[in-house]
Structures are given as C-alpha cells and as structure tokens.
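Have a look at the structure below, then the notes.
All values reported here derive from a predicted model rather than from experimental measurement. All ligand and atom numbering here is 1-based and tracks the order in the structure.
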Amino acid sequence: MDPGIDDALALYAALARLDVRGLATVAGNVELDRTFENGRQLLQLAGRQEVPVWPGSRSPLHFSLHTAPEIHGPHGMGAREFAEPASGQALKEAPWQAWPALWARESEPVHLIATGPMTNVAKLLWCLPDAAKPLTGITVMGGAIEGGNVTPTAEFNFYVDPEAADVVLAAPVPVSMVGLDVTWKARMPWSDVHRLAGWGAVGRLLADALGWYGRHGEAETTGLAVHDAVAVAAYAHPEWFTWEPMTLSVRADGQWRGTVVRVPARIPDRGPVQVAVDVETGPVLEWIMESVANLAQGLGS
Ligand code: RIB
Ligand code: CA
C-alpha cells in the first residue's frame with residue numbers, strides 16, 4: 001500500500017475484519033519514507049503496533065516515481081502531520097526478501113491485497129521459488145477496462161509502474177482486478193465522512209483526511225472514490241461484485257502508459273484474471289463503515 005488516504009480506510013477495514021499478517025509500503029501517492037511512516041502511524045493509532053511493516057520499493061521498476069500530493073496531501077494524509085515519529089522498531093528488510101522465508105516457515109497460506117503501485121508485488125513474484133505455494137491469490141486495486149484517472153486510459157497504480165502491473169496480471173496465482181470500473185461506482189457519500197468524525201481518533205483521522213481528499217466540493221454531490229477500501233471489500237465479499245475472466249496486459253509505451261489491454265486468451269504464461277465489472281454499492285459501503293465502527297468501538301471510542 002502507499003498510504004494515502006483511501007489506503008488508510010482500506011487498512012482500517014482490513015484490521016477490523018481480516019487477519020492482517022503484515023504490511024509492505026511502496027512509493028506511490030507520496031514517497032516511500034512517507035508511506036512507510038504513515039503505515040506505522042496508522043497501525044499505532046489503531047493500537048495494532050504488533051503488525052509488522054516492511055519498507056518496499058522507493059521507485060517503479062523502470063519509470064521515475066510519479067506521486068499525487070495534490071490528491072493525498074504533502075505527507076500523504078491530507079493536511080495531517082504526525083507530531084511524533086511512530087514508535088517501535090522499524091523493519092529494514094525489503095518485503096520481497098523477507099516474506100518468502102517467512103512464509104516458508106508458516107503453514108497458513110496468505111492472500112495479498114495490493115493497493116498501491118505493483119512494484120513490490122512484481123519483485124515478490126520474482127523472488128518466490130514456487131509462487132503458487134504460499135499465495136492463495138492477489139487482489140489488486142488498479143487498472144480500468146474503461147477510463148483512467150491519470151490519463152484518459154490509465155489508472156494511477158498501473159500508470160506509476162506499468163511494467164510491475166503487467167507482471168502481476170500474469171502471476172501464476174489467482175488474481176482479482178478491482179479497477180476504476182467498480183471503484184468509481186462505489187463512492188462514499190459525504191454524509192459518511194461526517195459520521196466517521198464521531199468515532200474516536202481513528203474516525204477523526206479518516207474524517208479529516210477524507211475531508212481533505214474531497215475538499216474541492218465535488219464530493220458533496222458525487223461522493224468520494226475510496227478505491228482501496230473497495231478492493232478490501234472485494235476480497236472479503238466477492239459475492240457483492242460481478243466478475244469477468246479476461247486475459248490482460250498493461251501498456252508501458254508513451255501515451256498508453258498504464259493502459260490495460262485485452263490480449264488473446266491463448267497467450268502462453270498469461271492466464272485470465274478475474275475483473276470486477278460491477279458492484280453492489282450499498283452493501284460494500286455499509287460494510288466499510290461498519291468495519292471502521294467495529295475497529296473504533298474496539299478502541300473504546
Ligand atoms: O487510482 C486509485 C489508486 O491510486 C488508489 O490506490 C489510490 O490510493 C492511489 O494509490
Ligand atoms: Ca493506494
């Protein structure tokens with residue numbers, strides 16, 4: 001993840017509902033030092049410092065880093081600046097180095113939910129001796145069959161590192177792609193931002209950050225695109241989404257950088273991914289809010 005405002009909402013929903021075994025941060029919305037610190041701060045605020053955070057890639061595989069401070073704020077959390085550095089020891093090892101050995105020692109397979117540029121995931125797939133064994137699959141927030149939010153045809157996570165995104169869409173494990181096709185539909189109503197403000201420190205952080213994210217006022221009518229939280233909901237409740245198998249690649253050339261293209265299904269070494277093409281907005285947004293409420297109540301707020 002590249003926290004990032006919607007990454008924060010995604011993390012809190014995941015902490016409330018899933019067995020979060022660890023985080024890897026990546027440069028994307030803001031630089032790696034910031035996303036790494038933000039990941040640790042978000043866990044600390046939720047009283048979950050025991051969840052390990054690994055610092056991942058500082059830049060895409062080939063392109064230079066493209067960030068989005070105008071959307072997520074200079075430090076990635078809207079106007080928020082954390083007064084003190086996050087407490088606890090900061091891991092130094094890269095996730096693609098640490099995780100294969102860690103997973104080899106554990107019996108429980110894992111599922112990756114990737115909500116930033118795919119650089120870490122591509123490197124991990126290259127480092128896993130037998131990719132199929134420890135991974136039950138990868139849920140990816142990224143891409144779009146129709147549309148783009150960086151260019152008319154490219155979504156941010158795939159635009160920042162199109163080569164990595166292409167590697168992930170060819171991964172030898174089940175991949176689910178949750179792109180703008182559904183995250184632009186399941187928008188959080190502005191009224192929910194105000195509800196969050198009443199849910200303790202976690203809710204206030206989210207309300208402030210989402211308020212900043214929607215500060216130009218359009219969100220009061222259109223709602224807020226909380227992309228990454230929708231991806232977590234898609235992993236937890238795939239039944240709320242309509243899925244279509246597609247064999248895909250990601251362009252990295254010129255004006256098509258980050259664009260998802262359909263390729264003939266008979267491409268060797270590139271199986272179909274499950275693409276979310278529709279979503280039941282109501283249950284997804286209620287689940288996200290209920291998740292944060294559960295987390296906040298657990299913190300006594
Ligand atoms: O295009 C939306 C994606 O880009 C989200 O993951 C958001 O956090 C940004 O990283
Ligand atoms: Ca993100």
Which angle, to the nearest 10 degrees, do you find at the Ca ion (ligand 2) between O in Thr115 and OD1 in Asp7?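 That angle works out to 130° after rounding to 10°.
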Angle subtended at the Ca ion (ligand 2) by Asp2 OD1 and Asp228 OD2, to the nearest 10 degrees, is 140°
Sub-4.0 Å atoms of ligand 1 with respect to non-hydrogen atoms of [X]:
{"X": "Glu155", "value": "1 (O), 2 (C), 3 (C), 4 (O)"}
{"X": "Asn157", "value": "3 (C), 4 (O), 5 (C), 6 (O), 9 (C), 10 (O)"}
{"X": "Phe156", "value": "1 (O), 4 (O), 9 (C), 10 (O)"}
{"X": "His227", "value": "2 (C)"}
{"X": "Met141", "value": "2 (C), 3 (C), 5 (C), 6 (O)"}
{"X": "Asp228", "value": "5 (C), 6 (O), 7 (C), 8 (O)"}
{"X": "His72", "value": "8 (O)"}

Could you check atom 9 (C) of ligand 1 against the protein and tell me its nearest heavy-atom contact, residue, atom and distance included? Asn29 OD1, 3.2 Å
Against [X], only a single residue in [options] fulfils side-chain contact (heavy atoms from CB on, under 4.5 Å); can you say which?
{"X": "Met118", "options": "Val140, Val160, Val250, Leu124", "answer": "Val140"}
{"X": "Lys185", "options": "Leu180, Val284, Val279", "answer": "Val279"}
{"X": "Ser249", "options": "Val260, Asp166, Thr259", "answer": "Asp166"}

Short side-chain donor-acceptor distance under 3.5 Å, Thr247 and Arg270: no
Distance alone, cut at 3.5 Å: any donor-acceptor contact between the side chains of Thr151 and Gln255? no
Would you check if the side chain of Thr242 reaches a backbone N or O of Val277 as a donor-acceptor pair within less than 3.5 Å?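 Checking the backbone N and O of Val277 against the side chain of Thr242, no donor-acceptor pair under 3.5 Å is found.
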Closer than 3.5 angstrom, by distance alone: can the side chain of Glu155 be matched with the main-chain N or O of Phe158 as a donor-acceptor pair?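 Between the backbone of Phe158 and the side chain of Glu155 there is a qualifying donor-acceptor contact (under 3.5 Å).
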If you measure from each non-hydrogen atom of [X] to ligand 1, which part falls under 4.0 Å: side chain, backbone, both or neither?
{"X": "Asp6", "value": "side chain"}
{"X": "Asn149", "value": "side chain"}
{"X": "Asp2", "value": "side chain"}

Which residues satisfy the side chain to side chain donor-acceptor pair (under 3.5 Å) test with Asp2, sequence neighbours excluded?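 Here the qualifying residues are Asn29.
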Is there any ring-ring contact (aromatic ring centres under 6.0 Å, His included) pair reaching into residues 37-62, and which pairs are they, with sequence neighbours excluded? Trp54-Trp99
